[in-house]
Amino acid sequence: MARRTLRTCLVAPTAAFAALVGFAAAPAHAATWSSSDRWGTYSTADGYTLYNNIWGSGAGSQTIWANSSSNWGVWANHPDTGGIKSYPNAKKVVNKPLSALTSLTSSYNVTVPAAGDYNTSYDIWDSDYDYEVMLWMNFNGDVGALGSAQGTATLGGHTWTVYKGNNGANEVFSFLRTSDSSAGTVNILPILRWLKDTKGWWGNETIGDVQFGYEITSSSGGLDFRTNSFSVASR
């Protein structure tokens with residue numbers, strides 16, 4: 001039986017986050033930058049932006065740290081109460097129409113916990129934020145994709161189970177890797193072209209953000225998520 005976790009883009013009210021006040025900070029990392037702020041951000045010299053992004057209701061405490069765009073991580077302690085709590089991520093802005101892209105690839109290497117409910121995923125957006133393409137590289141616990149299953153597809157060097165849904169704000173296309181991967185390269189462009197040319201689910205959209213991070217539903221007691229390397233290349 002498919003497991004579902006409702007994913008929305010609604011921001012939790014400030015009151016829901018008040019429970020964080022007075023919580024002990026996460027263990028400090030010897031890093032160039034760190035933040036426990038809900039919306040803490042950091043821009044790197046090579047054009048990436050890191051974002052703590054604690055957006056869900058009922059969240060616990062979370063600290064993001066970074067030495068660079070390819071060496072960063074998160075300590076998170078979110079209660080097991082259902083619903084996505086956060087999506088800490090690093091992003092690169094592409095800002096090119098799909099028809100103008102000749103290549104869009106990304107490499108990743110992560111260390112993730114054996115406990116908790118989460119996925120390690122790309123979140124790729126068009127420039128107007130009308131369409132969201134998620135690529136789940138690994139997932140653990142009680143999590144599931146929004147929408148209905150559309151079958152499987154082998155694209156970009158991986159085999160996926162594809163879901164199509166709508167969260168009330170935008171269309172969501174989710175590609176869940178059929179086996180977990182903690183390191184590798186994904187050729188993103190064929191996936192985006194498949195959505196347009198094979199399925200007709202979107203048009204010649206301008207590709208905006210390519211985000212990569214951890215969509216965390218629960219991490220009770222505090223769990224570490226580490227990005228050992230990450231990069232996005234486009235032309």
Side-chain angles (χ1 to χ4, degrees), residues 7 9 11-12 14 17 20 23-56 59-78 84-96 104-113 116-127 129 132-140 143 181-186 188 207-219 222-234:
R7 186 176 198 278
C9 283
V11 174
T14 301
F17 196 69
L20 291 186
F23 272 39
H29 291 273
T32 301
W33 170 80
S34 67
S35 176
S36 300
D37 291 346
R38 187 178 189 182
W39 310 119
T41 60
Y42 175 69
S43 296
T44 66
D46 53 351
Y48 292 79
T49 301
L50 285 94
Y51 189 22
N52 206 22
N53 196 20
I54 308 171
W55 65 266
S61 53
Q62 178 175 295
T63 298
I64 188 171
W65 58 268
N67 292 309
S68 67
S69 59
S70 61
N71 177 221
W72 63 276
V74 172
W75 178 92
N77 184 4
H78 296 302
I84 298 163
K85 307 302 191 301
S86 67
Y87 178 60
N89 67 84
K91 80 171 182 181
K92 186 73 176 284
V93 177
V94 175
N95 199 29
K96 285 186 179 180
L104 178 57
T105 61
S106 181
S107 295
Y108 60 93
N109 184 303
V110 300
T111 301
V112 291
D117 301 320
Y118 64 86
N119 65 67
T120 301
S121 58
Y122 288 89
D123 210 4
I124 302 161
W125 294 86
D126 72 306
S127 58
Y129 297 97
E132 179 181 11
V133 181
M134 296 200 74
L135 310 179
W136 292 28
M137 309 316 296
N138 61 63
F139 50 99
N140 189 75
V143 295
S181 171
S182 60
T185 298
V186 58
I188 299 171
I207 306 305
D209 299 354
V210 175
Q211 304 171 6
F212 178 79
Y214 309 97
E215 193 173 55
I216 306 171
T217 296
S218 72
S219 53
L223 297 175
D224 274 306
F225 301 80
R226 294 176 179 266
T227 304
N228 305 309
S229 64
F230 166 64
S231 63
V232 175
S234 66

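These figures come from a predicted structure and were not determined experimentally.
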### Query
Going by atom types alone, do Asp117 and Thr217 pair a side-chain donor with an acceptor below 3.5 Å?
no

### With sequence neighbours excluded, residues passing ring pair (Phe, Tyr, Trp, His ring centres under 6.0 Å) with Phe225
Tyr118, Tyr214

### Task
Can you measure from CG (Asn53) to NZ (Lys85) and round to the nearest 0.5 angstrom?
14.0 Å

### Qualifying residues under ring pair (Phe, Tyr, Trp, His ring centres under 6.0 Å), relative to Tyr51, sequence neighbours excluded
none

### Query
Would you say the side-chain atoms of Thr120 and Asn138 include a donor-acceptor pair closer than 3.5 Å?
yes

### Task
List the steps, then state whether side-chain contact (heavy atoms from CB on, under 4.5 Å) holds for Thr227 with Asn71.
CA-CA 6 Å; Thr227 304; Asn71 177 221; over 6 Å; no

### Closest heavy-atom pair and its distance - Gly213, Tyr87
N-OH, 3.3 Å

### Task
May I have the step-by-step check of side-chain hydrogen bond (donor to acceptor under 3.5 Å, both in side chains) for Tyr42 and Ser35, ending in yes or no?
CA-CA 9 Å; Tyr42 175 69; Ser35 176; over 6 Å; no

### Query
How are the rings of Phe139 and Trp136 set relative to one another: parallel (under 30°), tilted (30 to 60°) or perpendicular (over 60°)?
perpendicular

### Query
Atom OG of Ser218 and atom CG of Asn140: how far apart are they, to the nearest 0.5 Å?
9.0 Å

### side-chain hydrogen bond (donor to acceptor under 3.5 Å, both in side chains) evaluation trace for Asn228 with Thr111
CA-CA 7 Å; Asn228 305 309; Thr111 301; 3.0 Å; yes

### Query
Can Asn109 and Ser229 be said to form a side-chain hydrogen bond (donor to acceptor under 3.5 Å, both in side chains), step by step?
CA-CA 5 Å; Asn109 184 303; Ser229 64; 4.8 Å; no

### Task
Answer with yes or no whether the side chains of Ser107 and Thr185 bring together a donor and an acceptor at under 3.5 Å.
yes

### Query
Hey, does Val210 have a side-chain heavy atom less than 4.5 Å from the side chain of Ile188?
yes

### Query
Got Leu135 and Val186 here, is their nearest side-chain heavy-atom distance under 4.5 Å?
yes

### Message
Keeping Ser219 on the side-chain end and Gly222 on the backbone end, is there a donor-acceptor pair under 3.5 Å?
### Response
no

### Message
Once rounded to the nearest 0.5 Å, what's the spacing between atom CD of Gln211 and atom CG of Leu50?
### Response
11.0 Å

### Message
Please give me the minimum heavy-atom distance between Ala31 and Asn67, naming the atom from each residue.
### Response
CA-OD1, 3.2 Å

### Query
Is a side-chain donor-acceptor pair under 3.5 Å present for Ser86 with Gln62?
yes

### Message
For the CG atom of Leu223 and the CG atom of Asn77, what is their distance to the nearest 0.5 Å?
### Response
8.0 Å

#### Entry: Heavy-atom pair with the smallest gap, counting every atom of Ser106 and Ser231
OG-O, 2.7 Å

### Message
Regarding Tyr48 and Ser43, do their side chains bring together a donor and an acceptor under 3.5 Å, going by distance alone?
### Response
no

### Query
Passes side-chain contact (heavy atoms from CB on, under 4.5 Å), Ile54 versus Trp39? Steps please.
CA-CA 7 Å; Ile54 308 171; Trp39 310 119; 5.7 Å; no

### Task
Establish, from distance only, whether the side-chain atoms of Ser69 and Asp46 form a donor-acceptor pair under 3.5 Å.
yes

### Message
Show, in sequence, the C-alpha distance, side-chain angles and deciding distance for Phe212 and Val110, and conclude whether the side-chain contact (heavy atoms from CB on, under 4.5 Å) test is met.
### Response
CA-CA 11 Å; Phe212 178 79; Val110 300; 3.7 Å; yes

### Near-ring test Phe230/Tyr108, centroid separation under 6.0 angstrom
no

### Message
Using the side-chain contact (heavy atoms from CB on, under 4.5 Å) criterion, which residues pair with Thr105? Sequence neighbours excluded.
### Response
Ser103, Asn187, Ala233

### Task
To the nearest 0.5 angstrom, please state how far the CG atom of Asp224 sits from the CH2 atom of Trp75.
8.5 Å

### Task
For His78 and Gly60, work out which heavy atoms get closest and say how close.
ND1-N, 2.9 Å

### Message
Looking at every non-hydrogen atom in both residues, tell me the closest pair between Glu132 and Asp123 and how far apart they are.
### Response
OE2-OD1, 2.7 Å

### Query
Rounded to the nearest 0.5 Å, how far does CD1 of Ile124 lie from CE of Met134?
9.5 Å

### Task
Taking the side chain as every heavy atom from C-beta outward, state whether Asn119 and Glu215 have any pair of such atoms under 4.5 Å apart.
yes

